[in-house]
Amino acid sequence: MKNTEKKYQLNDFIRQKIRTDLKENKNNGKVHTRFPPEPNGYLHIGHALSIWLNFGLAEEFNGKCNLRFDDTNPEKEEVEYVDSIKEDIKWLGYNWEDRLYYASDYFEQLYSYAVELIKKGKAYVDSLTADEIKKYRGTPTEPGKESPHRNRTVEENLNLFEKMRAGEFKDGEHILRAKIDMSSPNMNLRDPAIYRIKKATHHRTGDKWCIYPMYDFAHGQSDALEGITHSICTLEFENHRPLYDWLLDNLSVPCHPQQIEFARLNLSYTVMSKRKLLTLVQNKTVSGWDDPRMPTLSGFRRRGYTSEAIKNFVEKAGFAKRENVSDISLLEHCLREDLNYKALRVMAVLNPVKIIIENYPENKTEELDAINNPEDETMGKRKISFSREIFIEKEDFMEEPPKKFFRLSPGNEVRLRYAYIIKCVSVEKDKNTGDVKVINCVYDPETKSGMPQSSRKVKGTIHWINANDCVDAEVRLYDRLFTIEHPDKDKEKDFTEFLNPDSLIVLNNCKVEPSLKDSNPLDKLQFERRGYFCIDSKDSNKDKLVFNRTIPLRDSWAKISKQ
RNA sequence: UGUCCCGUGGUGUAACUGGCAACACGUCGCACUCUGGAUGCGAAGAGUUCAGGUUCGACCCCUGACGGGACAACCA
């Protein structure tokens with residue numbers, strides 16, 4: 001039975017912080033989080049950590065978690081991304097109920113906050129070019145200098161800002177900046193830009209606005225407007241926290257949420273940045289954001305991963321504030337653990353070679369009992385058919401077997417799973433290529449599974465499929481997308497240089513049980529002795545079955561045979 | 001020659017906030033098995049970046065080095 005109960009209480013630094021806040025009755029004992037994606041790409045497994053954290057924390061502490069799209073840059077954002085993000089969160093099993101928000105919902109309010117800042121003399125319209133502003137900003141080690149427009153009067157600023165909104169200027173002609181400190185050692189405090197002119201059509205507000213708030217000006221205020229108590233984000237915003245706090249302190253906002261940063265999740269043998277994933281999509285290295293090799297949630301879903309496996313993984317991987325690269329084998333372990341309990345066992349032969357059982361009657365067909373899942377009796381049994389001609393895997397036969405090879409070889413016996421013990425008597429080969437065409441065997445009628453004599457021991461058991469009624473299928477074998485653990489660590493070489501040329505191998509001559517014609521993409525299957533598979537949600541149909549290999553079974557023979 | 005953050009087995013996360021460095025993945029054995037799967041049992045692997053200090057006692061507190069990361073978009 002699967003143990004879903006937690007044996008221990010999670011006590012990471014964020015939970016510790018929340019427990020302390022609760023004890024001190026901060027925020028009136030409330031916990032309210034939010035997951036704030038920018039709709040400029042698909043969600044990946046790193047986001048799963050953030051989602052699990054924000055929604056999970058809310059559940060755990062009887063609070064709420066909002067979904068809020070951080071859509072302040074119309075040039076990069078699209079509804080396609082909004083839709084995919086919603087679908088992925090639902091798939092993970094989280095529910096934002098009626099709390100679906102967009103930063104763009106707050107544009108009017110944010111505009112008044114900007115006006116408030118101007119009126120307090122804490123923001124000004126700058127008319128320097130982007131280039132000039134950059135030069136004035138200084139460097140991390142040298143202070144910046146003040147813009148000549150820094151001391152415009154409140155009236156002048158108000159007037160200019162109104163005209164910015166009214167569309168009277170071109171992109172980049174003016175910009176609204178917070179007036180903080182041009183010599184601050186924190187670059188984010190050197191009069192950061194807070195509103196820019198951008199005559200672009202927004203996916204939700206259309207052409208209503210031609211000025212848009214910057215992230216720093218939108219995020220904290222949106223948090224405050226929603227009554228967020230703990231605003232959890234990744235480490236790269238750590239240096240922004242003083243600005244986050246400064247804005248909240250200087251504006252008449254309803255509350256002051258606390259920003260808490262954690263280190264993002266990375267995975268070995270893959271890349272996680274949206275920019276790099278976009279490159280793979282645009283270069284057609286992969287078939288799309290949901291290519292089964294992508295670390296995106298939609299990719300994992302199409303590949304056959306379960307959301308439980310992913311959530312288990314992010315929990316087990318944990319998080320802290322140090323840079324990290326989680327081992328992909330932990331994810332794979334969580335996946336196999338979940339699939340082992342859920343997957344329907346079936347037989348499928350990926351690289352078929354024919355066996356003719358010489359002493360089995362020509363026109364006979366038997367129905368044999370097969371167990372659907374040895375880990376879960378409630379999944380029951382099914383019938384599989386057996387006859388004189390069957391297929392087995394090519395690799396389950398060797399003419400000259402090495403030591404410890406427990407499968408079929410000339411003169412040797414092997415058990416056919418759920419059927420009989422057979423012995424190889426001869427081999428027919430192609431004269432030109434030397435390939436094995438047909439393996440001739442004899443069977444022992446006394447050894448049918450379940451019969452008294454069947455307990456006779458043989459070294460190995462192999463899977464097979466009845467040649468009479470099996471169904472052809474295409475099977476796609478996926479492997480890691482990159483050949484090295486840290487494909488984006490090398491600063492000299494581009495990450496695409498480390499792409500694994502064998503990350504996808506297509507097998508066209510596979511034979512599967514006929515019942516699989518009725519399988520659907522969400523069904524979890526185990527092809528016995530091969531791995532976990534699922535129907536491809538895009539390319540499979542009744543006339544042509546296409547399966548994705550989710551992950552192979554652990555293979556200790558592969559390790560032995562390498563030695 | 002700045003500010004901020006971070007240094008614990010191969011990997012990731014812990015260590016009741018000062019008391020025997022633990023758990024998981026991985027690795028390696030053994031047992032069991034009609035999936036070379038699963039399962040069960042066991043082993044190896046860090047003395048906590050370094051140097052001082054405080055203390056009966058330091059992964060934990062202090063100081064200083066060293067190492068890694070983030071910050072100079074009108075991106076988020």
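Chain letters run A, B, ... following the sequence lines, proteins first, then strands; residues in each count from 1.
- Counting non-hydrogen atoms under 4.0 angstrom, A/P374 reaches a base of the nucleic acid.
- For A/K394, the NZ atom sits in a loose shell: 12 or fewer heavy atoms of surrounding residues, nucleotides or ligands are nearer than 6.0 Å.
- The distance between the ring centers of A/F533 and A/F527 falls below 6.0 angstrom.
- Per the geometry, CG belonging to A/D181 stands 21 Å off P belonging to B/C71, to the nearest Å.
- Rounded to whole Å, the separation between the C1' atoms of B/U11 and B/G7 comes to 15 Å.
- In the set B/G12, B/A76, B/U35, B/A76 carries the atom at the smallest distance from any side-chain atom of A/Y215.
- Judged by the 6.0 Å and 45° rule, A/R480 forms a cation-pi pair with A/Y269.
- For A/F161 and A/Y195, the ring centers are positioned less than 6.0 Å apart.
- Under 3.5 Å, the side chain of A/H240 and the base of B/A76 form at least one donor-acceptor pair of N or O atoms.
- For B/A76, the base has no donor-acceptor partner in the side chain of A/N73 [N/O atoms by modelled type, under 3.5 angstrom].
- Side-chain atoms of A/R530 and base atoms of B/U35 include no donor and acceptor less than 3.5 Å apart.
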Quick test: give all pairs of protein nitrogen or oxygen and nucleotides 42-47 of chain B nitrogen or oxygen below 3.5 Å, distance rounded to 0.1 Å.
none

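- Qualifying ring pair (Phe, Tyr, Trp, His ring centres under 6.0 Å) partners for A/H203, counting only residues two or more places apart in sequence or in other chains: none.
- Side-chain nitrogen and oxygen atoms of A/Q9 include none within less than 4.0 Å of the OP1 or OP2 phosphate oxygen of B/C16.
- With both ends at atom C1', the span from B/A15 to B/A58 equals 13 Å, rounded to whole Å.
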Next on the checklist: Strictly under 4.0 angstrom, non-hydrogen atoms only: write out the protein contact profile of nucleotides 23-28 of chain B, one letter per nucleotide from the 5' end, B, S or -.
Outcome noted: --SSSS

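- Spacing between atom CZ of A/R415 and atom P of B/U33 amounts to 14 Å, rounded to whole angstrom units.
- Residue A/S556 has its side chain nearest to B/G36 when only B/A76, B/U35, B/G36 are considered.
- A/D105 pairs by the side-chain contact (heavy atoms from CB on, under 4.5 Å) definition with A/Y101, A/Y102, A/R204, not counting sequence neighbours.
- If you take NZ of A/K23 and P of B/U17, they are 10 Å apart, rounded to a whole angstrom.
- A donor N or O paired with an acceptor N or O is found under 3.5 Å between the base of B/G37 and the side-chain atoms of A/E375.
- Atoms CD1 (A/I371) and C1' (B/U35) sit 11 Å apart, rounded to a whole Å.
- Phosphate contact (OP1/OP2 of B/A73, side-chain N/O of A/R137, threshold under 4.0 Å): present.
- A/K17 comes within 4.0 angstrom of no nucleic acid atom, judged by non-hydrogen atoms across all strands.
- Counting atom types as modelled, A/E485 pairs no side-chain N or O with a base atom of B/U11 as donor and acceptor under 3.5 Å.
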Checklist outcome for this item: Writing each nucleotide of RNA chain B 5' to 3' as (, ), [, ], | or . by Watson-Crick or G-U pairing under 3.5 Å yields .((((((..((((.....[..)))).(((((.......))))).....(((((..]....))))))))))).....

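- Both the sub-6.0 Å distance and the 45° axial angle are not jointly satisfied by A/R177 relative to the ring of A/Y124.
- Distance from the side chain of A/K404 is smallest for B/G36 among the nucleotides B/U35, B/C74, B/G36.
- In this structure, the ring of A/Y244 has its center no less than 6.0 angstrom from the ring center of A/F237.
- A/K381 NZ: 12 or fewer foreign heavy atoms inside a 6.0 Å radius.
- Taking 4.0 angstrom as the limit, A/R322 places a side-chain polar atom (N or O) nearer than this to OP1 or OP2 of B/U8.
- Across all strands shown, A/Q16 has heavy atoms under 4.0 Å from base atoms, whether or not it also approaches the sugar-phosphate.
- Counting any heavy atom pair closer than 4.0 Å across all strands shown, A/K135 reaches no nucleic acid atom.
- Judged as a side-chain contact (heavy atoms from CB on, under 4.5 Å), and not counting sequence neighbours, the contacts of A/E173 are A/F169, A/K170.
- A/K423 forms no cation-pi arrangement with A/Y443, by the criterion of a distance under 6.0 Å to the ring centre and an angle within 45° of the ring axis.
- At whole-Å resolution of the value, CZ in A/R241 and P in B/C5 are 8 Å apart.
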